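Inspection log for the structure reproduced underneath, given as structure tokens.
The model shown is predicted, which means the values in this text are computed figures rather than measured ones. Numbered from 1 within each chain, the chains take letters A, B, ... in sequence-line order. Values below: every heavy atom of this structure, side chains too, minus hydrogens, waters and symmetry copies.
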Amino acid sequence: MNTKVTPSKEVLAEAARQHAILSEGTAGIYPEKGVHGKDGLFDKLVKSLMENRPLRIKLGMDPTAPDIHIGHTVALNAMRKFQDLGHIVLPLIGNYTALIGDPSGRNSTRPPLTEEQIMQNAETYKEQIFKVIQNDPAKCKLMWNGDWLKELSFADTIKLCAQVSVAQLIAKEDFGNRLANQTPISLHEFLYPLMQGYDSIAMFEREGCDIEFGGTDQTFNCLMGRQLMQARGIEPQIVMTFPLLEGLDGVMKMSKSKGNYIGVTENPTDMFGKTMSIPDSLLDRWYSLLTTIPAAERPSHPMEAKKKLAHFITARFHGETAADEAKAAFESRFSKREMPTDLPELSLPQEAFATLTDLVVAANFATSKSEARRLIEQGGVKLNGEQSKDPTAPVKLPTPFTLQVGKLKLAKVSLTA
RNA sequence: GGAGGGAUACCUAAGCGGCCAACGGGGGCUGACUGUAAAUCAGCUGGUUUUACCUUCGUAGGUUCGAAUCCUACUCCCUCCA
């Protein structure tokens, strides 16, 4: 199939150099065996060098939530490395596939989003991914899969379906599990991998598509792209997968829908604080997937290690200064237990001060009076730093005073004129 | 089209006439302690005018002194067969 021209020594050496940089931190590269004795990535690099044509790297993201999180940055970071070596990245916003929802890793059908929600999310995605990859038109072309998926006719779709067997889809773990657990699978979910695969074809025709990136949970979907490209008679992409980052709870993978994530747009304080809240057992993992800090430079004390990690992550998205400030604020607040200096201000009408319960509800720190009462009785409420356990006591402090509920909810309260 | 099974609070899952605002687990929240918002331990986790009352166990009716629990109809979901 390939009329192979033997690559020169220089080409092989350069390909090897790039290969070493680019394959670091990946979970898998498919195909594992290439024609030049290494893997598919090596082949693509050789080809790129010989034809003097940069590689095009696809990374699809469905805008199903307003934020991307630091788990995504594992792959984005790898894209950045490709850019730095002169290749072109093609971030793909799945504005059409988001309508279906990727069934990967799910055990139930995803609730549908409206088109407006999706477009809103997509807009913020655009800004966010450029915190990691370079938004240089020569090195980056943003694409939308609605551009071509919308145009597909039913006949096209059937043709596509004919390339894939049902057995193959059922063999996919998620579907297999769901069948076994008697959880429903909607037919349209079967189509998801086909859509993702078709993206690769459409992108190939427009810009080229040499490599597709994805988390390890995306392996099946990405390989579907290879299969469909082959069936169409075009050169198939190779697939590079990346390990999934565990979320704040330390068990489940970091995921927008599970809420255990750190968004790349979050403010420095939260970013630092959330990192500090990960379980100790997650430290090594986060260090290796999110930082470039060598093992030798990681503090052995868990808290120090966590602070260094939190600082690194915060600095990446907000700069050194902001990270320093976040660290200092964290230390004063939690290590030395001082009150933060910049409290949000809150002015409330006279009737909010009738009882402590009313105050907590009026400040929006509890959703019902019963909840407020519970918090107070449990000792979670402080006025000017003084714990108060009587829910019915009127609040007679001179304003402004500080109201604290739990560790995180604080405000400086004053009376509305 | 036929035959079964199911629907309980954020999730999961017990309860099968009064002791049920409803066991347990998960998650979340609060506190203690600390090395941090980690770990561990303890408490809380429908609402209100809070020793009481109100609303909640798919929906609508019914039986009963009394129903999440029994009956009827309906809706939705799952499995198998066709």
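- The nearest whole Å value for the distance from the NZ atom in A/K409 to the P atom in B/C29 is 8 Å.
- Side-chain atoms of A/T275 come within 3.5 Å of backbone N or O of A/M271 as a donor-acceptor pair.
- In this structure, A/I262 atom CD1 and B/U36 atom C1' are separated by 14 Å, rounded to whole Å.
- OP1 or OP2 of B/G47 lies within a sub-4.0 Å distance of a side-chain N or O belonging to A/R374.
- One finds a side-chain N or O of A/K369 lying less than 4.0 angstrom from the OP1 or OP2 phosphate oxygen of B/U49.
- Checked against B/U30, B/U36, B/A37, the side chain of A/S277 finds its nearest nucleotide in B/A37.
- A straight line from CD of A/E371 to P of B/A21 spans 22 Å, rounded to a whole angstrom.
- Counted by atom type alone, A/H72 and A/Q128 present zero donor-acceptor pairs between their side chains at under 3.5 Å.
- A donor atom on one side chain and an acceptor atom on the other are not found under 3.5 Å apart for A/E235 and A/Q230.
- Not a single donor-acceptor pair, N or O on each side, falls under 3.5 Å between the base of B/G31 and the side chain of A/Q378.
- The CG atom of A/L248 sits 11 Å away from the P atom of B/A38 (whole-angstrom rounding).
- For a distance-only test at 3.5 Å, the side chain of A/D280 qualifies as a donor-acceptor partner of the base of B/G35.
- With both ends at atom P, the span from B/G27 to B/G15 equals 24 Å, rounded to whole Å.
- If you take CG of A/L408 and C1' of B/C29, they are 11 Å apart, rounded to a whole angstrom.
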